[in-house]
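Within every chain, numbering begins at 1; the chains are lettered A, B, ... in the order of the sequence lines, protein sequences first and strands thereafter.
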Amino acid sequence: MPELPEVETTRRGIAPHLVGHQIEQICIRQAQLRWPISADLAKQATHHVIDAVSRRGKYLLIRMPHGSIILHLGMTGNLAIVALDKAPGKHDHVDFVLNNGSVLRFRDPRRFGSIHWSDAPEAHRLIASMGPEPLGPDFTGQYLYEQAKNRACAVKNFIMDGKVVVGVGNIYANEALFKAGIRPSRAAGRISLARYCALVGHIQATLEEAIDAGGSTLKDFYHSDGKPGYFQFQHLVYQKAGTLCPVCGAVIAQVVIGQRSSFFCAQCQR
DNA sequence: CTTACCGCCTGTCGGC
DNA sequence: TGCCGACAGGCGGTAA
């Protein structure tokens, strides 16, 4: 389940192998991802110099002068740089063959990921309606507080809503709400400015910690299977139902909020 | 506008 | 041991 830190680590890992090079050929073995890959992709994205690899939310943008590849890893997707002669595995759906002798390989067993081409990525329907970046200057306690006014939905759903802020997935929502002492089921509109300021701080700190951990364990994407080495990252409450709260010793509870598993300490989080 | 829910997929896990 | 059903889960689409 690539969360934002994993996507950012992937971006940093693949960028040096892509920038300044060109895609010679795109080999699509399975076009049926979340949306079918358009024939436009191979037509547009080959034989142009890549000038940057950037990220918006959990989308990666492989940028060329006339447009970008927009790529999402879904739940189980990953990208790796592999040798030209390495045989593809069962779920290796797409190869971007580069003119430097290596291959950017997209693997995604569950196929919740997606790959698009857009000549104006900022205006693309998947990107245009997005909220601010969680690590950017626009994401503040004041902003969240304003957005939450008159909203009755659970705060956990609220911070996972991509129109409010992008890139906060289930794991980080659970962890940050625990650290902030806010119960995930609490109505978004019934939380004080001060508590939202604390929440923003915890979201950012948790994401940054994971990005740093990813960066420190990521040696070389060329030899990696695409999995950064920080999967051993310890969660405080996520998937810890039945264990004891590290703060007060109460039993961590699990409930479903908005179709997703939520973990919290009923003692610490109100 | 907001909220709730659906469904795309397949690896994993629990039960028998 | 092996089979099978339930389930997880990001997130856009859509219905209410």
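- The nearest whole Å value for the distance from the NZ atom in A:Lys163 to the C1' atom in B:dA4 is 13 Å.
- Atoms NE2 (A:His72) and C1' (C:dG12) sit 10 Å apart, rounded to a whole Å.
- The base of C:dC11 sits within donor-acceptor range of the side chain of A:Arg34, with an N or O pair under 3.5 Å.
- At the heavy-atom level, A:Phe158 lies nowhere under 4.0 Å from the strands shown.
- For the pair A:Arg63 and A:Trp117, the cation-pi test (distance below 6.0 Å, angle within 45°) is failed.
- Separating the CD atom of A:Gln32 from the P atom of B:dG7 is a distance of 19 Å, rounded to the nearest angstrom.
- We find that the ring of A:Phe112 and the base of C:dC11 do not stack by the test of centres under 5.5 angstrom and planes tilted less than 30°.
- Using a 4.0 Å cut-off, no side-chain N or O of A:Tyr238 falls inside it from OP1 or OP2 of C:dA8.
- Among the nucleotides B:dT10, B:dT3, C:dG9, the one closest to the side chain of A:His91 is B:dT10.
- Atom CE in A:Met160 sits roughly 10 Å away from atom P in C:dG9 (whole-Å rounding).
- Judged by distance alone, the side chains of A:Glu208 and A:Gln204 never bring a donor and an acceptor atom under 3.5 Å apart.
- Backbone-only contact: A:Lys90 has heavy atoms under 4.0 Å from sugar-phosphate atoms and none from a base.
- By the neighbour-count criterion of 12 heavy atoms within 6.0 Å, atom NZ of A:Lys149 is densely surrounded, having more than that number from other residues, nucleotides or ligands.
- Every residue two or more places apart in sequence or in another chain was checked for a side-chain hydrogen bond (donor to acceptor under 3.5 Å, both in side chains) with A:Asp161, and none qualifies.
- The structure places CD1 of A:Ile127 at 10.0 Å from NE2 of A:His116, a figure rounded to the nearest 0.5 Å.
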Exercise for review: Decide side chain to side chain donor-acceptor pair (under 3.5 Å) for A:Lys163 and A:Ser129; before the verdict, give the C-alpha distance in whole Å, the side-chain angles of both, and the deciding distance to 0.1 Å.
Suggested key: CA-CA 6 Å; A:Lys163 287 189 281 301; A:Ser129 59; over 6 Å; no

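- One atom, CG of A:Asn157, and another, P of C:dG9, lie 14 Å apart when rounded to the nearest Å.
- DNA chain B is contacted by both A:Arg151 and A:Arg260; A:Arg151 maps to the nucleotide lying nearer its 5′ end (nearest heavy atom per residue).
- Comparing A:Thr76 and A:Arg125 against DNA chain C, the residue whose closest nucleotide sits nearer the 5' end is A:Thr76.
- Between the NZ atom of A:Lys156 and the P atom of C:dG10 there is a distance of 8 Å, given to the nearest Å.
- Among the nucleotides B:dT10, B:dT2, C:dG13, the one closest to any side-chain atom of A:Arg111 is B:dT10.
- A:Asp108 comes within 4.0 angstrom of no nucleic acid atom, judged by non-hydrogen atoms across all strands.
- Within the 4.0 angstrom heavy-atom criterion, only backbone atoms of the sugar-phosphate kind lie near A:Gln239; the bases stay farther away.
- A:Glu6 has its CD atom 14 Å from the C1' atom of C:dG9, to the nearest Å.
- Contact annotation for A:Ser261: backbone-only contact, meaning every heavy-atom pair under 4.0 Å involves sugar-phosphate atoms and none involves a base.
- Of the candidate nucleotides B:dC9, C:dG10, C:dG13, C:dG10 has the atom nearest to the side chain of A:Lys58.
- Within the 4.0 angstrom heavy-atom criterion, only backbone atoms of the sugar-phosphate kind lie near A:Leu126; the bases stay farther away.
- The nearest whole Å value for the distance from the CD1 atom in A:Ile70 to the C1' atom in C:dG12 is 14 Å.
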